[in-house]
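Just so it is clear, the model here is predicted, and its values are computed rather than measured. Just follow the structure's listing: the first ligand is 1, and inside any ligand the first atom is 1.
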Amino acid sequence: MSMRIGYGFDSHAFKAGVPLIIGGLPIEHNEGLAGHSDGDVLLHAITDALLGAVSAGDIGTFFPPSDPRWKGAPSSVFLQTALEEVATAGYRIVNVDTVLVMATPKIVPIAGELRERDDELLAIQPGGVGIKAKTPEGLGLDHVAMAHCTVLLENLPAPDPLAHMVATADAGSDEELNAVVEGLVGGRHDLTALGRKVAPFDTDDLT
Ligand SMILES: [Zn+2]
């Protein structure tokens, strides 16, 4: 079992005249968060934590603020890309934990709804996302929203090599079948026995 951990942080200033969206949830408030996208500070921290966990760069690598396509974009688009990167790397989420830091609005009354929304966005089981809220005591940052996030990933089970050999044997000639059986009995990982081409050089040397 291989596990990986990721950490993300983000901050946005409050701004009048824009809707407030946190964790993909529209929240009733007199101000929203300034940003090139929808300013969703929580989804940005989660996105960065996921990308960091599989060493795939950060949100700015995939969605540069200079690109007009992401102006006003819903941050669920960024999160979706990070989830695809995690799956491509062969991992899935175990759990996500977050801390929101802001003076207002109060998160406690909507924390349950927020957790449900984010379980859904991350396509994980109920209770997979932790959301804690703090006020920025002593920081002098009452007009700013901040979010911290950690994620834990585990690797997806590898495909069963025996099932693959059986499938190959079904499709092959007697000669190939013998080679596959020999490979099974001998416990060897002989790619030529499975009818696959072997690279003319060791690809590990290219890294
Ligand atoms: Zn952000």
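For E116, the CD atom sits in a loose shell: 12 or fewer heavy atoms of surrounding residues, nucleotides or ligands are nearer than 6.0 Å.
Using a 30° and 60° split on the angle between ring planes, F63 and F78 fall in the tilted class, from 30° to 60°.
Closest non-hydrogen pair, Y91 versus V54, comes out as CD1-CG1, 4.4 Å. Listed here is the closest heavy atom pair of L33 and H12: CD2-O, 3.7 Å.
Distances under 2.8 Å from the Zn ion (ligand 1) pick out the protein N/O/S atoms D10 OD2, H12 NE2, H44 ND1.
Shown are L79, L43, V96, I124; of these, the side chain to side chain contact (heavy atoms under 4.5 Å, CB included) with D118 is made only by L43.
Looking at H44 and S75, their side chains do bring a donor and an acceptor atom within 3.5 Å of each other.
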